[in-house]
Amino acid sequence: MRLPRSFYAQPTRRLAKALLGCRLVRSLDGQRAAGVIVETEAYIGETDLACHARAGRTARTEVMYSHPGLAYVYFTYGLHWMLNVVSERDDYPAAVLIRAIEPVEGVALMQAARGQRPIGDLTNGPAKVCQALRIDRASNGVDLTDARSSLWIEADRTVPTRSILSGPRIGLGSTPEPWLSRPWRYWIKDNPFVSK
DNA sequence: AGCACGATTAACT
DNA sequence: GTTAATCGTGCTC
């Protein structure tokens, strides 16, 4: 079952933790490719200087200001796509970055999209997830709660609180403190598919 | 109109 | 550990 909009309309850090253990599903030519979310990061509002919304409302960030439950997909480093899910409420720009999933369905489909890499190297990073599931600009703004969309999230495993670890977000470069060190990255303890 | 840089990855040494 | 790849975005001139 597709998770409803009410699931996404919660505080971003809470959503980032709640997404762990959920199943990210992509429908490709009628076939399912899916994985359990094992690592996420929260990006929260215009005051979070690591969040793209620090620049305010622009063409790029517009999706983050829209409804919770939409996909915010952006391009970076000249070649990579990143998938986020919009959180909170309308007109408040925040989202959760999907950093890694554990492949569980359509592994061959994902390997075909990733140059036949071994399962352990298939989706253990945010750009790898997008490449494996063929997510690019065409998925930006897609509604994950709309029954017609080919991308959505389902409830799956229950992850006990004691198995959720947190730490600083990755790749923030010259982002100033305190944002650089905020422990807004979450992952499932001991899961081998968390990014390196 | 031009420019510096990025929520990364893979292939190097 | 280091670095090239590669281009959209937001900021400065």
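As the structure is a computational prediction, the values presented were derived from the model and not from experiment. Here is how names work: the chains are called A, B, and so on, in the same order as the sequence lines, proteins then strands, and each is numbered from 1.
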Worksheet item: Taking CG from A:L122 and C1' from B:dA10, how many angstroms apart are they, rounded to a whole number?
Response: 15 Å
Worksheet item: What nucleotide, of B:dT9, C:dG8, B:dG6, holds the atom closest to the side chain of A:T76?
Response: B:dG6
Fill in: Sugar-phosphate only, base, or nothing, as touched by A:R117 at under 4.0 Å among non-hydrogen atoms
sugar-phosphate
Discussion item. Would a single hydrophobic cluster contain both A:W152 and A:W81, if residues Ile, Leu, Val, Met, Phe, Trp and Tyr are joined by side-chain heavy-atom contacts under 4.5 Å?
Written reply: no
Fill in: Integer-rounded Å distance: B:dT9 C1' and A:N124 CG
10 Å
Item to complete: Tell me what A:R54 touches on the nucleic acid: a base, only sugar-phosphate, or nothing, going by heavy atoms under 4.0 Å.
Response: nothing
Discussion item. Regarding A:Y65 and A:E46, do their side chains bring together a donor and an acceptor under 3.5 Å, going by distance alone?
Written reply: yes
Item to complete: Answer with base, sugar-phosphate or nothing: what part of the nucleic acid does A:T175 contact at a heavy-atom distance below 4.0 Å?
Response: nothing
Worksheet item: Under 3.5 Å, is there a donor-acceptor pair between the side chain of A:R2 and the main chain of A:L144?
Response: yes
Discussion item. Mind checking if A:A50 touches a base, just sugar-phosphate, or nothing, with heavy atoms under 4.0 Å?
Written reply: base
Response to the item:
Between CZ of A:F75 and C1' of C:dT6 the distance, given in whole Å, is 7 Å
Worksheet item: Do A:Y77 and the base of C:dA5 stack face to face, with centres under 5.5 Å apart and an angle between planes under 30°?
Response: no
Worksheet item: Which comes earlier along DNA chain C counting from the 5' end, the contact point of A:L79 or that of A:R137, where each point is its nearest nucleotide?
Response: A:L79
Practice prompt. Answer yes or no: does a side-chain N or O of A:H80 lie under 4.0 Å from OP1 or OP2 of B:dG6?
Written response: no
Worksheet item: Can you check the A:L49 CG to C:dC11 P distance for me, whole Å?
Response: 12 Å
Response to the item:
note: A:W81, atom CH2; B:dT9, atom P; distance rounded to Å ~ 15 Å
Discussion item. Just to be sure I understand the rule, does A:R60 reach a base, reach only the sugar-phosphate, or reach nothing, if contact means heavy atoms closer than 4.0 Å?
Written reply: sugar-phosphate
Worksheet, complete the sentence: Re C:dA5: Watson-Crick or G-U wobble partner, both distances kept under 3.5 Å, found to be B:dT8
Item to complete: Under 4.0 Å between any heavy atoms, over every strand shown, what does A:L172 touch: base, sugar-phosphate, or nothing? Just pick one.
Response: sugar-phosphate
Item to complete: Starting from the 5' end of DNA chain C, give me the residue, A:G78 or A:A59, whose nearest nucleotide shows up first.
Response: A:G78
Worksheet item: If you check every side-chain atom of A:D121, which of B:dA7, C:dC7, B:dA10 has the closest atom?
Response: B:dA10
Worksheet item: With ring centroids as reference points, do A:Y43 and A:H52 lie under 6.0 angstrom apart?
Response: no
Worksheet item: How long is the gap from SG on A:C51 to CD1 on A:I44, to the nearest 0.5 Å?
Response: 8.5 Å
Worksheet item: Is any side-chain N or O of A:K196 closer than 4.0 Å to OP1 or OP2 of B:dT8?
Response: no
Discussion item. Checking A:S150 against A:R26: is there a side-chain donor and acceptor pair closer than 3.5 Å?
Written reply: yes
Worksheet item: Nearest-Å distance, CZ (A:R99) to C1' (B:dT9)?
Response: 11 Å
Fill in: Interatomic distance, A:E39 CD vs B:dA7 P [rounded to whole Å]
16 Å
Item to complete: Classify the nucleic acid contact of A:S195 as base, sugar-phosphate or nothing, counting any heavy atom under 4.0 Å across all strands shown.
Response: nothing
Worksheet, complete the sentence: Comparing A:P126 with A:S174, nearest DNA chain B nucleotide closer to 5' gives the residue A:S174
Worksheet item: What is the nucleic acid contact for A:G171, judged by heavy atoms within less than 4.0 Å: base, sugar-phosphate only, or nothing?
Response: sugar-phosphate
Worksheet entry | Pairwise C1' distance for C:dT3 and B:dC5, with rounding to whole Å | 16 Å
Discussion item. Please report the distance, rounded to the nearest Å, between CH2 in A:W187 and C1' in B:dA7.
Written reply: 16 Å
